[in-house]
Asks: 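Got a structure here, written out as structure tokens. Questions coming.
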Amino acid sequence: RKYFMIEKLNHVAIVVPDLMKAKLLYEGAFGAKVSDVKTLPEHGVSTMFVDLGSTKIEFLHPLSDVSPISRFLKKNPNGSIHHLCYEVESIKEAVKSLRELGLSILGDGTPKIGAHGNLVVFLHPKDFLGTLIELEQV
Ligand code: CO
């Protein structure tokens, strides 16, 4: 069996109730440089990020009640870590290998264009220690 390797941690995504409060907190408490807010209507979210060099923190906020993260925010009204994103060289190989192990890919398993313009898939938290995992082909 051919293994694929996860490479670096591309980002940690945190869903927050208020992007401006998160920005002030990270700037004030950590002296972090927080980006401007970017609205991604096709993903139903607003985002902003902190570039830490080796990885990023990505803040997410739902654009509406039908956003894929609005239920998550209702369950975690103060905000919470939503997913980890690992880089892979080939998303096709990754999906194939995970499927061979009987692990679940969310949706129909077809890679989609993610928030950063790269191909992504999400892996079900029930198979990964309670953590939603995003794989991104870079
Ligand atoms: Co992500």
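Hydrogens, waters and symmetry mates are skipped; everything else that's a heavy atom, side chains included, is used. Nothing here was measured: the structure is a model prediction, and the numbers come from that model. Order of listing sets the numbers, starting from 1, for every ligand and every atom in it.
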Asks: Counting backbone and side-chain atoms alike, does Glu134 have an N/O/S atom under 2.8 Å from the Co ion (ligand 1)?
Replies: yes
Asks: Any N/O/S atom, backbone or side chain, of His82 lying under 2.8 Å from the Co ion (ligand 1)?
Replies: no
Asks: Any N/O/S atom from His116 (main chain or side chain) under 2.8 Å of the Co ion (ligand 1)?
Replies: no
Asks: Between Gln137 (side chain only) and Ile91 (backbone N and O only), is there a donor and an acceptor less than 3.5 Å apart?
Replies: yes
Asks: Taking C-beta and beyond as the side chain, do His83 and Leu60 meet within less than 4.5 Å on heavy atoms?
Replies: yes
Asks: Would you say the ring centroid of Phe72 lies under 6.0 angstrom from that of His82?
Replies: yes
Asks: Testing Leu9, Asn10, Ile6 for side-chain contact (heavy atoms from CB on, under 4.5 Å) with Cys85, which one passes?
Replies: Asn10
